[in-house]
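To start, the structure itself, in structure tokens.
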Amino acid sequence: MDSPKNVSPEEIARFGDLAARWWDSDGESRPLHDLNPVRAAYIGARADLRDARVADVGCGGGLLSEALTRAGARVTGIDLGEKVIEIAKLHLHESNLKVDYRVQSSADLAAAEPAGFDVVCCMELIEHVPDPAALVNDLAAMLKPGGHLFMSTINRTPAAFGAAIVGAEYVMRMLPRGTHHYAQFLKPSELGRLLRHAGLELEDVSGLGYNPLNRKAWLSKVTAVNYVLSAQRPA
């Protein structure tokens with residue numbers, strides 16, 4: 001019997017509407033394309049990906065999953081959006097890569113393969129789920145002792161409201177209106193507390209800078225808008 005799904009049907013529908021254009025680097029997923037190399041490099045600098053078992057939770061159409069596969073990882077990508085998983089699988093015919101894509105919840109993967117992964121990634125998902133603590137607990141349960149967790153999300157600050165909601169959704173229209181909800185954003189201290197409660201040790205928090213005009217993305221010390229973090233399950 002499947003575990004209860006920690007998901008909003010409205011969120012699944014919203015991202016499902018973007019599925020067909022997920023790999024269009026000039027479409028609505030443009031920020032994901034621009035940020036993906038920086039995220040992948042952040043992960044690769046902190047974990048040995050060669051032949052590592054990696055879970056990409058909330059993988060969407062597979063941008064990060066494919067990047068980590070190219071780095072030598074054996075990737076399992078899960079998402080509850082059937083349309084985006086279909087697109088992810090179809091893109092493998094173009095990339096000639098091998099990724100194990102599944103329509104599966106984080107709770108079900110954690111129950112099926114506890115302590116089964118060297119690396120777990122969860123990018124831009126936690127701000128979209130009803131129960132962030134439950135998601136973090138699932139991610140921690142998937143990790144082998146000594147394994148690494150990588151997450152990215154949006155800070156709950158006025159700067160983030162201006163950039164991620166007003167700027168991205170209303171002014172520049174890079175994202176559909178309603179993609180983000182300010183109240184669901186998590187401060188690094190709040191996410192760090194969830195990680196500690198799940199038995200993980202926070203290793204690093206870095207800002208993610210992004211200029212949508214020239215499409216440049218970079219790591220930064222400024223976490224006021226977007227940030228990425230790494231944590232480890234004690235060995």
Side-chain angles (χ1 to χ4, degrees), residues 1-8 11 39-60 64-65 68 71-80 100 102-157 183-208 219 221 223 226-235:
M1 181 177 177
D2 283 353
S3 305
K5 302 297 190 292
N6 182 15
V7 65
S8 162
E11 298 285 7
R39 291 173 177 161
Y42 181 88
I43 295 166
R46 289 165 175 78
D48 185 0
L49 295 174
R50 293 170 297 178
D51 205 37
R53 283 210 71 203
V54 176
D56 184 10
V57 178
C59 64
L64 183 63
S65 292
L68 299 179
R74 293 176 288 130
V75 179
T76 298
I78 66 168
D79 202 290
L80 286 173
D100 180 10
R102 309 174 188 176
V103 179
Q104 190 175 33
S105 71
S106 59
D108 287 340
L109 180 58
E113 301 189 54
F117 296 91
D118 302 291
V119 172
V120 175
C121 303
C122 186
M123 303 298 184
E124 304 297 326
L125 176 63
I126 197 165
E127 70 271 22
H128 296 288
V129 303
D131 190 344
L135 174 60
V136 170
N137 287 335
D138 293 341
L139 302 175
M142 296 175 198
L143 278 175
K144 295 178 180 179
H148 294 272
L149 171 65
F150 297 95
M151 301 182 73
S152 68
T153 188
I154 305 173
N155 204 341
R156 194 174 68 256
T157 63
Q184 292 179 257
F185 294 169
L186 289 171
K187 295 178 178 292
S189 59
E190 295 167 341
L191 184 48
R193 186 162 55 249
L194 294 180
L195 294 168
R196 288 192 297 275
H197 287 170
L200 302 180
E201 297 175 351
L202 183 62
E203 296 178 307
D204 176 77
V205 179
S206 294
L208 272 174
L219 289 176
K221 293 182 179 179
T223 61
N226 297 286
Y227 65 95
V228 61
L229 62 78
S230 65
Q232 187 173 28
R233 181 174 176 178

Fill in: Note: Glu201-Arg196 ion pair, threshold 4.0 Å (strictly below)
no
Margin query: If you apply the rule side-chain contact (heavy atoms from CB on, under 4.5 Å), what do you find for Thr153 with Tyr227, and how did you get there?
Written below: CA-CA 6 Å; Thr153 188; Tyr227 65 95; 3.3 Å; yes
Working note: Leu229 + Leu195, criterion side-chain contact (heavy atoms from CB on, under 4.5 Å); need CA distance, chi angles, decisive distance, verdict. CA-CA 11 Å; Leu229 62 78; Leu195 294 168; 3.8 Å; yes
Do Leu64 and Val75 make a side-chain contact, defined as non-hydrogen atoms from C-beta onward lying under 4.5 Å apart? no
query = Taking side chain as C-beta onward, heavy atoms only, is Leu208 less than 4.5 Å from Tyr42?
reply = no
Taking the side chain as everything from C-beta on, heavy atoms only, tell me whether Leu149 gets closer than 4.5 Å to Gln232.
no
In short, salt bridge (Lys or Arg N to Asp or Glu O under 4.0 Å) pairs touching residues 141-151 with sequence neighbours left out are Asp118-Lys144
Worksheet item: Side chain of Glu127, backbone of Gln184: donor and acceptor closer than 3.5 Å?
Response: no
Pro188 and Val205 have their tightest heavy-atom pair at CB-CG1, 4.3 Å
_Donor on one side chain, acceptor on other, Asp204 and Ser230, under 3.5 Å_ = no
>> Within the structure provided, determine whether Phe185 and Asn155 are in side-chain contact (heavy-atom separation under 4.5 Å).
In response: no
| task | Taking the side chain as every heavy atom from C-beta outward, state whether Arg233 and Val120 have any atom pair closer than 4.5 Å. | result | no
Decide yes or no for Leu135 and Leu125: does some side-chain heavy atom of the first lie under 4.5 Å from some side-chain heavy atom of the second? yes
Working note: Leu68 + Ile43, criterion side-chain contact (heavy atoms from CB on, under 4.5 Å); need CA distance, chi angles, decisive distance, verdict. CA-CA 9 Å; Leu68 299 179; Ile43 295 166; 4.2 Å; yes
Taking every heavy atom of Val57 against every heavy atom of Ser106, the minimum-distance pair comes out as CG1-CB, 4.0 Å
State, with a plain yes or no, whether a side-chain heavy atom of Cys121 is found less than 4.5 Å away from one of Val119. yes
Minimal heavy-atom distance between Gly207 and Thr223, with the atoms involved, is N-CG2, 3.6 Å
dist Leu202:CG -> Leu191:CG (nearest 0.5 Å) comes out at 8.0 Å
### Task
State, with a plain yes or no, whether a side-chain heavy atom of Leu194 is found less than 4.5 Å away from one of Pro132.
yes
| task | Begin with the C-alpha distance, continue with both residues' side-chain angles, and end with the deciding distance and a verdict on side-chain contact (heavy atoms from CB on, under 4.5 Å) for Val228 and Met151. | result | CA-CA 6 Å; Val228 61; Met151 301 182 73; over 6 Å; no
Looking only at heavy atoms, the pair that brings Val136 and Ala198 closest together is CG1-CB, 3.8 Å
Q.
When you measure from the side chain of Arg50 to the backbone of Gly72, do you find a donor-acceptor pair of N or O atoms at a distance under 3.5 Å?
A. no
Side chain to side chain donor-acceptor pair (under 3.5 Å) test vs Ser65 passes for just one of Thr76, Asp56, Asp79, namely Asp56
Original post:
Could Arg39 and Glu124 be called an ion pair, given the rule that one side-chain N must be under 4.0 Å from one carboxylate O?
Top reply: yes
By salt bridge (Lys or Arg N to Asp or Glu O under 4.0 Å), Glu113 pairs with (sequence neighbours left out) Arg53, Arg102
In terms of heavy-atom contacts, Ser152 and Met123 come closest through OG-SD, 3.2 Å
Heavy-atom nearest pair, Cys59 first then Gly77, reads SG-C, 3.5 Å
